[in-house]
A.B. asks: 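Below is a structure I'd like to ask you about.
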Amino acid sequence: MMQVQLKDGSVRELPENASAMELAKQISGSLARQACAARINGELKDMTTTLTPGAQVEILTFNDEEGRDVFWHSSAHILAQAVKRVFPDAKPTIGPPIENGFFYDFADLTVTEEDFEKLEAEIQKIVQADFKPVRLEYETTDQALAVFGDNPFKKEIIEKLEEGLSAYQQGEFVDLCRGPHLPNTKMVEGFKILKTSGAYWRGDAKNPQLTRIYAISFPDRKQLRAYLHQLEEAKKRDHRILGRKLDLFSFQKEGPGMPFIHPKGMVIWNALLDFWRSLHREDDYVEIKTPAMLSCELWKTSGHWDNYRENMYTSEIEEKVFAIKPMNCPGGMLFYKENQFSYRDLPRRVAEVGNVHRHEMSGALSGMFRVRSFHQDDAHIFMKPADIKNEILGVLRLADKIYSQFDLPYHLELSTRPEKSIGADEDWELTTEGLRAALIESGREFKVNEGDGAFYGPKIDFHIRDAIGRTWQCGTIQLDMSLPMRFELEYIAEDGKPKRPIMLHRALFGSIERFFGILVEHYAGKFPLWLSPVQIRLLPVAERHHDFAAQLGKTLKAAGLRAEVDLSNESVNKKVRNAQVDQVNYILVLGDKEMEENSYMVRTRDNQVHPNIGWDQLVLCLTEESSSRASNSLLK
RNA sequence: GCCCUUAUAGCUCAGUGGUAGAGCGCAUCCUUGGUAAGGAUGAGGUCGCCGGUUCAAGCCCGGCUAAGGGCUCCA
């Protein structure tokens with residue numbers, strides 16, 4: 001007999017040479033059925049692994065991140081086995097687990113969605129065959145090459161690894177693999193191929209393109225169904241679909257990646273910017289507007305011409321070359337140089353909501369999330385070295401006000417000096433520590449990405465998490481040591497001598513277009529009142545109530561509310577439905593009763609009914625809800 | 001940019017080589033209706049664009065344009 005220790009510190013007695021699976025069985029039958037792999041003395045191993053006396057053992061299931069990775073990686077092998085059966089010429093390359101599921105990349109394979117059914121049928125056969133993956137180990141590179149040498153991708157991997165080579169076999173299928181793997185294939189009850197795409201070998205466009213198949217699997221068919229359901233739900237929030245349904249924006253083939261914002265979208269846009277401007281006024285920002293197009297000489301000075309030219313739209317007129325701005329900063333530099341500043345004038349906070357154009361690769365475009373024409377809520381802060389910490393703190397506070405307005409949780413990341421960078425060591429030290437000190441003083445947690453800063457300075461990024469759990473990099477604070485130098489910015493210091501200011505770029509929404517798209521999905525089109533394109537719709541019951549409704553509509557508009565009166569020749573039921581489908585916040589049906597009683601029944605788009613509300617009370621309540629930018633209805 | 005997929009009425013989508021369809025929306029009329037779809041009639045399409053195959057192309061082939069998924073996760 002021998003003893004092993006479990007994660008919780010308890011000790012188990014087992015026969016000599018017992019495997020991890022036998023341990024799991026001793027603990028409980030259900031654990032043994034769910035066990036994906038074991039962590040033995042800190043290393044991930046197969047359940048078949050023989051335990052040694054005194055070993056520390058943890059049994060991992062699908063509920064553990066690492067267990068899940070093993071589950072999905074084994075699923076990838078099953079997928080590859082099925083692909084080999086259906087397409088014998090396909091050459092498997094790699095097949096790792098990812099955040100949601102896994103993929104496998106193949107060379108010499110073309111699949112379409114019509115093949116999915118065939119592949120899934122084959123996968124079911126493999127699952128039902130209940131293969132027990134067996135680990136094979138190779139002593140030498142040559143041994144491994146004898147098995148996999150005809151696959152150039154596996155060959156590359158083998159030659160790179162040289163030792164510790166292993167493979168797993170299930171039935172006729174052998175795949176080079178580090179492991180570990182599931183004890184059997186029958187555990188994979190729910191399996192679904194999701195999509196296929198091209199992917200470059202090792203992620204590099206210079207390498208051959210492979211065919212990638214994405215899939216997901218679960219130990220339980222119910223979990224698969226729930227996951228697929230969740231995907232469907234997320235699809236319903238898709239800002240591209242809601243944007244069309246709610247008539248917020250559109251794209252035209254004449255302007256790929258260049259959104260048209262419709263009147264209802266502009267209501268949201270303007271509400272966002274009103275909010276943004278009010279906060280910036282409080283924080284003593286001034287706002288400017290610089291030209292969309294400027295001479296290429298400017299872009300040569302800023303460095304964009306050398307580094308960014310292929311992404312810039314250019315135009316030649318009267319033999320002079322101009323470029324549409326991909327960033328606002330160079331224009332902001334010219335503005336700074338308009339005046340001579342004293343140290344007393346700093347920090348100077350200059351904001352600009354600038355429309356920038358960047359020629360993104362055609363395949364990268366995606367709704368409002370990745371566009372070629374967008375607006376940055378930019379600001380450039382010019383300051384003395386001593387101002388850094390306070391200015392960063394100010395921006396952190398401002399960002400917090402903005403994100404918390406939308407109930408968007410976020411986290412911060414600090415990126416430090418990359419290998420390729422400009423500027424003196426002491427400048428990097430000064431600026432990076434300024435950022436760090438401000439982050440620490442703000443009391444917020446942050447992650448550090450060493451070497452991930454821009455070549456011209458360190459930065460802080462804001463990553464927000466939306467209602468479906470996805471994270472987005474929105475805000476950014478970037479210290480820039482390059483532009484003040486290139487543009488020879490100065491201020492006059494206390495000693496009367498010119499000094500170079502420190503400059504930072506910052507954006508909080510990031511791209512307004514993208515933030516807009518995120519909000520559409522975050523709220524699933526159900527905007528809070530202050531953002532909502534149509535806040536209230538009045539539905540007269542019959543024609544004799546039209547004048548009454550129009551009159552009330554006028555009162556609401558005069559109170560600053562966005563009201564519509566539905567005079568269409570439709571039934572009341574239909575009008576209510578239309579208003580709810582249009583995500584109108586409040587719906588009022590107006591008939592004889594309302595004309596007589598001056599008391600109203602207010603219905604929301606979610607079918608909440610608030611009875612017996614007086615007109616003045618209603619107007620007061622809605623104006624308060626809207627102007628205070630409340631997240632939830634104030635009606636009781 | 002590259003790989004795969006898609007493009008038919010304003011929108012969502014059927015239509016596998018023989019003169020173009022549905023639902024919603026829109027228009028007109030009937031209905032004047034009380035809280036999620038009242039009824040009838042009608043208009044609306046060079047089937048994304050260019051070329052090819054064919055007696056005949058929305059459908060097959062090629063090119064272009066646009067859209068969607070992906071190209072970060074290293075056996």
Side-chain angles (χ1 to χ4, degrees), chain A residues 69 72-73 76-77 80 92-106 109-115 138 144 148 151 153-158 160-161 164-168 174-179 181 194-214 235 238 240-241 244-245 247 250-257 310 359-367 539-546 568-582 587-594 600-609 611:
Chain A
D69 281 352
W72 280 336
H73 185 57
H77 275 219
T93 66
I94 61 169
I98 51 176
E99 199 180 334
N100 288 303
F102 53 93
F103 64 76
Y104 210 114
D105 285 348
F106 300 89
L109 172 69
T110 320
V111 274
T112 69
E113 291 190 12
E114 284 143 40
D115 300 317
Y138 303 108
F148 297 104
N151 180 330
F153 302 95
K154 296 286 184 192
K155 196 175 164 200
E156 187 182 320
I157 295 162
I158 291 167
K160 216 170 165 186
L161 276 165
L165 291 163
S166 60
Y168 280 76
V174 187
D175 197 8
L176 189 69
C177 184
R178 174 178 49 201
H181 274 281
L194 298 172
K195 57 199 172 196
T196 111
S197 79
Y200 299 104
W201 171 239
R202 299 198 178 279
D204 189 333
K206 289 192 285 274
N207 288 337
Q209 185 143 24
L210 309 170
T211 297
R212 174 170 297 181
I213 301 178
Y214 285 90
K235 226 189 224 169
D238 189 317
R240 291 165 301 193
I241 293 166
R244 182 180 292 128
K245 267 191 187 157
D247 199 12
S250 63
F251 289 89
Q252 313 292 335
K253 67 174 188 305
E254 289 82 355
E310 65 276 21
H359 190 86
E360 301 288 347
M361 291 193 296
S362 60
L365 302 178
S366 176
L539 316 183
V541 171
E543 249 173 66
R544 64 177 180 283
H545 309 115
H546 279 197
S568 66
N569 181 16
E570 297 289 352
S571 65
V572 173
N573 284 341
K574 186 61 183 288
K575 289 186 194 184
V576 169
R577 177 175 194 274
N578 284 344
Q580 292 185 332
V581 167
D582 291 346
I587 302 156
L588 237 61
V589 175
L590 303 174
D592 293 337
K593 196 172 134 248
E594 285 74 16
Y600 302 84
M601 192 154 109
V602 183
R603 180 171 292 264
T604 72
R605 57 194 170 193
D606 298 317
N607 248 345
Q608 304 278 316
V609 180

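Each chain gets a letter, A, B and so on, in the order the sequences are listed, and its residues count up from 1.
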A.B. asks: For the C1' atoms, the ones on rU19(B) and on rU35(B), what distance do you get once it is rounded to whole angstrom?
C.D. replies: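 Approximately 48 Å lies between the C1' atom of rU19(B) and that of rU35(B).
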A.B. asks: Does anyone know the first and last nucleotide of RNA chain B in reach of chain A, 5' to 3', at under 4.0 angstrom to a heavy atom?
C.D. replies: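 Reading along RNA chain B, I get rG1(B) to rA75(B).
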A.B. asks: Counting any heavy atom closer than 4.0 Å, what does Ala364(A) reach on the DNA or RNA strands: base, sugar-phosphate only, or nothing?
C.D. replies: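 Base, at least one base heavy atom under 4.0 Å.
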A.B. asks: Of Val589(A) and Ala542(A), whose closest RNA chain B nucleotide lies nearer the 5' terminus?
C.D. replies: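 With Ala542(A) and Val589(A) compared, the 5'-side residue is Ala542(A).
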A.B. asks: In whole angstrom, give me the gap between the P atoms of rA9(B) and rC64(B).
C.D. replies: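 24 Å, rounded to whole Å.
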A.B. asks: NA contact type, Arg212(A), heavy-atom cut-off 4.0 Å: base, sugar-phosphate, or nothing?
C.D. replies: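 If one applies the 4.0 Å heavy-atom cut-off, Arg212(A) turns out to touch the sugar-phosphate alone, with no base involved.
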A.B. asks: Applying the side-chain contact (heavy atoms from CB on, under 4.5 Å) test to Phe153(A), which of Ile94(A), Leu210(A), Asn207(A) qualifies?
C.D. replies: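 Single side-chain contact (heavy atoms from CB on, under 4.5 Å) partner of Phe153(A) among Ile94(A), Leu210(A), Asn207(A): Leu210(A).
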A.B. asks: Which pairs pass salt bridge (Lys or Arg N to Asp or Glu O under 4.0 Å) with one or both residues in residues 201-213 of chain A, sequence neighbours excluded?
C.D. replies: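 Of all non-adjacent pairs touching residues 201-213 of chain A, those that pass salt bridge (Lys or Arg N to Asp or Glu O under 4.0 Å) are Asp105(A)-Arg212(A), Glu156(A)-Arg202(A).
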A.B. asks: At 4.0 Å (heavy atoms only), tell me whether Leu539(A) reaches a base, stays on the sugar-phosphate, or touches nothing.
C.D. replies: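 Counting heavy atoms under 4.0 Å across all strands, no contact is made by Leu539(A).
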A.B. asks: Is a salt bridge present between Arg605(A) and Asp582(A), judged by a nitrogen-to-oxygen distance below 4.0 Å?
C.D. replies: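 So Arg605(A) does not pair with Asp582(A) through a salt bridge.
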A.B. asks: Using a 4.0 Å heavy-atom cut-off across all strands, classify Gly203(A) as base, sugar-phosphate, or nothing.
C.D. replies: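 If one applies the 4.0 Å heavy-atom cut-off, Gly203(A) turns out to touch the sugar-phosphate alone, with no base involved.
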A.B. asks: When you compare the side chain of Glu543(A) with that of Asn569(A), does any pair of heavy atoms fall below 4.5 Å?
C.D. replies: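 A side-chain contact under 4.5 Å is absent here.
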A.B. asks: Does Asn569(A) reach a base, just sugar-phosphate, or nothing at all? Heavy atoms under 4.0 Å.
C.D. replies: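 Base contact.
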A.B. asks: Does the structure show a Watson-Crick or G-U wobble partner for rU6(B), both distances under 3.5 Å? Name it, or say none.
C.D. replies: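 Base-paired to rA66(B).
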A.B. asks: Just checking Phe148(A): base, sugar-phosphate only, or nothing, at a heavy-atom cut-off of under 4.0 Å?
C.D. replies: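 No contact.
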A.B. asks: Using purine N1 to pyrimidine N3 plus N6-O4 or O6-N4 for Watson-Crick, or N1-O2 and O6-N3 for G-U wobble, both under 3.5 Å, which nucleotide pairs with rC71(B)?
C.D. replies: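 Its partner is rG1(B).
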A.B. asks: Just to be sure I understand the rule, does Asn578(A) reach a base, reach only the sugar-phosphate, or reach nothing, if contact means heavy atoms closer than 4.0 Å?
C.D. replies: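 Nothing: the residue Asn578(A), judged by heavy atoms under 4.0 Å, touches no strand.
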A.B. asks: Less than 6.0 angstrom separating the ring centers of Phe102(A) and Tyr104(A), yes or no?
C.D. replies: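 No, they do not, as the ring centres are separated by 6.0 Å or more.
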A.B. asks: Specify the residue among Met361(A) and Lys575(A) whose closest nucleotide of RNA chain B lies further upstream toward the 5′ end.
C.D. replies: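 Comparing both residues, the 5'-ward one is Met361(A).
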A.B. asks: How far does the C1' atom of rU72(B) sit from the matching atom of rC13(B), given to the nearest Å?
C.D. replies: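 About 35 Å, rounded to a whole number of Å.
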A.B. asks: Describe the nucleic acid contact of Pro92(A) in one word from base, sugar-phosphate, nothing, applying a heavy-atom distance below 4.0 Å.
C.D. replies: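 The answer is nothing, as Pro92(A) stays clear of every strand by at least 4.0 Å.
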A.B. asks: Using a 4.5 Å cut-off on heavy atoms from C-beta on, say whether the side chain of Ile158(A) contacts that of Leu165(A).
C.D. replies: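 Result yes, sub-4.5 Å side-chain heavy-atom pair found.
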A.B. asks: Base, sugar-phosphate, or nothing for Gly257(A), non-hydrogen atoms under 4.0 angstrom?
C.D. replies: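 Sugar-phosphate: the residue Gly257(A), judged by heavy atoms under 4.0 Å, touches backbone atoms but no base.
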A.B. asks: Any donor and acceptor pair, going by atom type alone, linking the side chain of Gln580(A) with main-chain N or O of Thr604(A) inside 3.5 Å?
C.D. replies: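 Answer holds: yes.
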A.B. asks: Will you find, in the side chains of Arg603(A) and Asn607(A), an N or O donor that is under 3.5 Å from an N or O acceptor?
C.D. replies: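 The criterion, which ignores hydrogens and geometry beyond distance, is satisfied for Asn607(A) and Arg603(A).
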A.B. asks: Which nucleotide, if any, forms a Watson-Crick or G-U wobble pair with rA43(B), using both distances under 3.5 Å?
C.D. replies: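 In the structure as shown, rA43(B) has no Watson-Crick or wobble partner.
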A.B. asks: Tell me what Gly367(A) touches on the nucleic acid: a base, only sugar-phosphate, or nothing, going by heavy atoms under 4.0 Å.
C.D. replies: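 Sugar-phosphate: the residue Gly367(A), judged by heavy atoms under 4.0 Å, touches backbone atoms but no base.
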A.B. asks: Which one is paired to rG17(B), where only Watson-Crick or G-U wobble pairs with both distances under 3.5 angstrom count?
C.D. replies: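 In the structure as shown, rG17(B) has no Watson-Crick or wobble partner.
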A.B. asks: Could you tell me whether Glu156(A) contacts a base, only the sugar-phosphate backbone, or nothing, with contacts defined as non-hydrogen atoms closer than 4.0 Å?
C.D. replies: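 The answer is nothing, as Glu156(A) stays clear of every strand by at least 4.0 Å.
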A.B. asks: Scan Thr93(A) against the nucleic acid and name what it touches under 4.0 Å (heavy atoms): base, sugar-phosphate only, or nothing.
C.D. replies: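 Sugar-phosphate, no base atom in range.
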A.B. asks: Using a cut-off of 4.0 Å on non-hydrogen atoms, how would the nucleic acid contact of Leu176(A) be classed: base, sugar-phosphate, or nothing?
C.D. replies: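 Base contact.
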